Each structure stands twice: as structure tokens, then as C-alpha cells.
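First comes the structure, then the notes that go with it.
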Protein chains: 2
Amino acid sequence: MSRSDIIQAAAQIFRKKGFHATSMQDIANAVKLQKASIYHHVESKQEILFTILEDALNLLIGDMRAVVDSDLKPKEKLRLAMQVYVGRLTGDADLATVLLLEYRNLEKKLRTRHSVRRDRYEALWRKIIEEGVDQGVFRSVDISIATFAIMGVQNWMITWYREGGRLSALELSDNFSELFLSGLLVEK
Amino acid sequence: MSRSDIIQAAAQIFRKKGFHATSMQDIANAVKLQKASIYHHVESKQEILFTILEDALNLLIGDMRAVVDSDLKPKEKLRLAMQVYVGRLTGDADLATVLLLEYRNLEKKLRTRHSVRRDRYEALWRKIIEEGVDQGVFRSVDISIATFAIMGVQNWMITWYREGGRLSALELSDNFSELFLSGLLVEK
DNA sequence: GTTGAACTACCGACCGGTCGGTAGGGAAAA
DNA sequence: TTTTCCCTACCGACCGGTCGGTAGTTCAAC
């Protein structure tokens with residue numbers, strides 16, 4: 001039994017029941033240990049949550065840096081970024097759901113630390129849109145709003161996406177990026 | 001002290017701390033009653049949550065029926081629907097946040113009942129998009145995906161919108177609808 | 001005198017977390 | 001090769017405190 005086994009089991013239960021509704025006993029049962037034994041591996045329930053969030057965010061930041069630093073055009077960067085992000089959200093739903101929903105339950109100090117890093121992540125998305133506007137391929141939209149919109153569409157997936165649905169992750173992300181790039185209206 | 005005072009106070013605290021992190025004592029303190037006295041007005045903590053969700057959803061369904069039943073063109077229906085919905089989300093953030101985030105904490109039976117009604121609400125959005133596609137003013141996008149996307153952008157607002165921000169609710173919704181209708185790319 | 005709204009006092013269950021202790025395996029000392 | 005020692009992983013029992021909820025009572029308004 002390793003620390004990461006516990007973290008992973010916790011993520012799964014946090015996702016299903018939420019952080020506060022999950023007891024340390026629940027986690028202990030999942031890894032077939034006594035509750036006390038868990039404290040040999042982790043400091044506290046808060047630390048478990050924090051670790052889950054950090055791990056998830058690190059993964060995403062790595063993904064995004066690669067896309068932003070590539071020499072693709074803004075349009076392709078956006079498409080690729082969405083492919084990768086949707087892939088992560090659908091691929092590890094436990095991690096994703098906890099990341100997006102449960103960070104609220106971090107105590108203040110840890111939450112602040114996490115928010116800083118999350119803002120840094122979102123700034124990478126912002127950069128892609130800025131680039132597109134600067135190069136004249138994107139209309140001069142409000143950058144912040146566009147970023148929020150793009151994050152929102154994708155993040156909200158965690159509330160409705162179910163594995164084995166009608167569309168694959170790739171089809172979903174392509175639908176999204178097409179929608180964002182071309183809009184709903186037919187050509188004028 | 002009325003029942004609705006208690007419900008409203010609870011919504012406020014649920015929003016800030018989450019359902020499970022909120023104790024009946026917290027709610028009692030907020031309305032300056034003893035915890036036991038609250039049970040004179042409500043059946044249980046679950047019932048409080050359920051009432052909040054029902055009230056919020058009823059409001060939204062009423063809004064949406066008016067828009068769908070109007071004789072506006074699909075493009076204007078979408079614009080108006082987003083204006084109204086964003087107005088609600090920003091106007092009563094407590095209700096909105098609890099509606100979108102805390103319904104997960106309903107016990108199974110109540111959650112199922114709620115989900116049915118929420119699906120009925122989302123079907124109204126779907127209808128607008130369908131109408132646009134049928135009339136040939138919207139491209140023939142995947143209707144489900146487009147609906148999820150539009151709901152997602154707006155619903156995700158509850159995570160970042162703060163009163164007194166740079167843009168008004170109306171400006172926000174107009175930015176959103178413009179983005180959805182015309183897309184990011186400049187005219188070809 | 002009935003009623004509704006509030007109170008005090010309490011319940012059993014469970015919470016996150018800590019305690020002292022131990023089984024067992026690997027390394028160092030004899 | 002045997003003995004000693006230490007360390008990791010784990011355990012059962014327990015801590016003070018809080019949880020949602022209940023029982024029974026008081027009291028003012030009608």
C-alpha cells in the first residue's frame with residue numbers, strides 16, 4: 001500500500017460523494033486499511049485534497065506549455081489545446097472533477113496557494129487567444145471573456161460527460177473548437 | 001421568522017461553505033434561532049436543499065418558457081435567453097451556485113426528481129438551437145453539443161463572476177452570445 | 001384555552017485525528 | 001551464523017468535539 005494508492009482512492013471517493021461527505025473511514029475502507037494507518041502515509045485529510053489538486057494541475061500545465069510553445073498558428077493551437085484538455089477531463093474524471101469542484105474545500109492558506117497556480121494555467125489559454133487577436137486571425141473580442149467562455153464550455157463537461165457516450169473525446173473537442181472558431185450562424 | 005427566511009439564509013451559507021460543510025447550527029445562528037426551533041419550520045436539512053433547488057429551477061423555467069414561446073427569430077431568442085439567464089445567475093448568486101453545484105448532495109430519490117425537471121429546462125435551450133438549424137440560420141451543428149456548450153459557458157460563470165466587476169451582466173451576456181453566434185475567426 | 005413559535009436539554013452516531021503498541025524484515029554487530 | 005537492533009507499516013482503542021435530529025416545555029397572541 002503506497003501513498004499514491006491512498007490519494008487515488010480518495011480522489012475517486014471525493015468525486016462521487018464530495019470532500020466533506022467523505023470520511024477518512026471511507027478512504028480507509030477503500031484501501032483496506034484501518035483509519036489510523038492512513039495517517040502513517042498522509043498528514044491530514046486536507047493534505048490529501050491538496051495533493052490531488054497539485055498533481056492534476058501540474059499535469060495540465062505541462063500539457064499547455066507544450067502547446068503554447070509550439071510553432072503552430074493560433075487557430076491550430078486552440079484546436080490542439082482543446083483536444084488535449086478534453087482528453088484529460090474525460091480520461092481521468094476523478095482527478096478532473098475534484099480539481100474543478102472541490103478546491104473550494106481547501107482551507108484558506110492552501111486554497112490561495114492553489115489559486116495562484118490555477119491562474120497561471122488559465123493565463124496560458126489567454127495567451128493563445130491574445131496571439132490570435134494580435135495576428136488578426138481572431139476578431140478583437142474581449143480576451144478575458146473569451147478565455148472564461150472557452151474554459152467554461154470544457155470544464156462544464158465534468159457535469160454531463162459519461163464514458164462510453166455517443167461521441168469520443170476527440171469528437172467532442174473538435175465540435176467545441178469548431179463552434180468557437182466559426183460560431184453558430186451560417187456564412188453571411 | 002418565516003420558512004422562506006430560513007431557506008434564504010441557508011442558500012447563502014450553502015453557497016459560501018457548501019452543503020455538507022454547513023451545519024444546522026450555522027443556519028440557526030444566521031436567523032438567530034435555536035437549532036431545534038428550525039425544525040418547527042422545515043423537515044430536514046435535505047428538505048431545505050431541495051426547496052432551494054426547486055425554487056430556483058421554477059424561476060428559470062418560467063423565464064425560459066416566455067422566451068421560447070415568443071415570436072422572435074432564433075438568433076434573437078438565443079440572445080434574449082442568454083441575457084435573462086446571465087441576469088439570474090449574477091442577480092442571485094446564492095441561489096445559482098447552490099442550484100448548479102450542490103444538487104449533487106441531494107439524496108438519491110430527491111436528486112432523481114430534480115434531475116428530471118432540470119432536463120426539462122435544458123430541453124428548452126435545445127429547442128431554440130433546433131429551431132435555428134431547421135430554419136437554416138444556424139449551421140447544422142450537433143444540437144446536444146451546442147446546448148451543452150451554451151449551458152457550460154454560462155453556468156461556469158458562478159465560479160468567476162463577482163459583483164461590481166468590469167462588465168455588467170448585460171455586457172457579459174452580449175459578449176457570450178456574440179461569441180457563440182459569430183465565432184472567433186474573422187470573416188473569410 | 002388553544003395554538004404556534006420559540007426554548008432548553010439531550011440523544012446516538014460519527015467526525016478527524018492520536019495514542020501506545022507490535023509484527024516482521026533487513027542490516028549491522030557478535 | 002546467530003543475535004541484536006531499528007524501522008516501516010500497520011493495528012485496536014480511544015479522544016474531544018460536532019453532527020442531524022428529538023422530546024418536552026414555556027409563553028405570548030388570539
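Predicted, not measured: the structure shown is a model, and the values here were computed from it. Proteins come first, then strands; the chains are lettered A, B, ... in the order of their sequence lines, and each starts at number 1. As a basis for the values below, the full set of heavy atoms in this structure was taken, side chains included, without hydrogen atoms, waters or symmetry mates.
- Across the protein-nucleic acid pair, B:Met24 atom CE and D:dT22 atom C1' stand 12 Å apart, rounded to whole Å.
- Under 4.0 angstrom from either OP1 or OP2 of C:dA6 there lies at least one side-chain N or O belonging to B:His41.
- For a distance-only test at 3.5 Å, the side chain of A:Lys35 qualifies as a donor-acceptor partner of the base of C:dG17.
- The residue B:Ser2 sits apart from the nucleic acid: no heavy atom pair falls under 4.0 Å.
- Put simply, CD1 on A:Ile6 is 11 Å from C1' on D:dC10, counting in whole angstrom units.
- Checking C:dG17, D:dC10, D:dG21 against the side-chain heavy atoms of A:Leu33 singles out D:dC10 as nearest.
- As a whole-Å value, the separation of A:Asn105 CG from C:dG16 P is 12 Å.
- Spacing between atom CD of A:Gln25 and atom P of C:dG17 amounts to 13 Å, rounded to whole angstrom units.
- Between the C1' atom of C:dG17 and the CD atom of A:Gln46 lies a distance of 13 Å, rounded to the nearest Å.
- A salt bridge does not link A:Glu102 with A:Arg15: every distance from a Lys NZ or Arg NE/NH1/NH2 to an Asp or Glu carboxylate oxygen is 4.0 Å or more.
- For the OP1/OP2 pair of D:dT18 and a distance below 4.0 Å, the side-chain nitrogens and oxygens of B:Ser23 include no atom meeting the criterion.
- The distance from atom CD1 of B:Ile27 to atom P of D:dG20 is 8 Å, rounded to the nearest whole Å.
- The separation between B:Asp26 atom CG and D:dG17 atom C1' is 15 Å, rounded to whole Å.
- Contact annotation: A:His40 side-chain N/O to D:dA9 OP1/OP2 distance is under 4.0 Å.
- Residue B:Ser37 has no polar side-chain atom (N or O) positioned under 4.0 Å from OP1 or OP2 of C:dA5.
- Set against D:dG21, C:dG16, D:dG12, the side chain of A:Ala36 has D:dG12 as its closest nucleotide.
- Crowding of A:Glu130 atom CD: a count of heavy atoms from other residues, nucleotides or ligands under 6.0 Å exceeding 12.
- Taking side-chain N and O atoms only, B:Gln34 has a distance below 4.0 Å to OP1 or OP2 of C:dT8.
- Protein atom NZ of A:Lys32 is 14 Å distant from nucleotide atom P of D:dC10, rounded to whole Å.
- Proximity of a side-chain donor or acceptor of A:Asp26 to a complementary backbone N or O of A:Ser23 within less than 3.5 Å is detected.
- Ionic pairing of A:Arg3 and A:Glu47 is present here: one or more N-O contacts between side-chain nitrogen and carboxylate oxygen are shorter than 4.0 angstrom.
- In summary, A:Arg166 and A:Glu171 do not engage in a salt bridge, as defined by a charged side-chain N under 4.0 Å from a carboxylate O.
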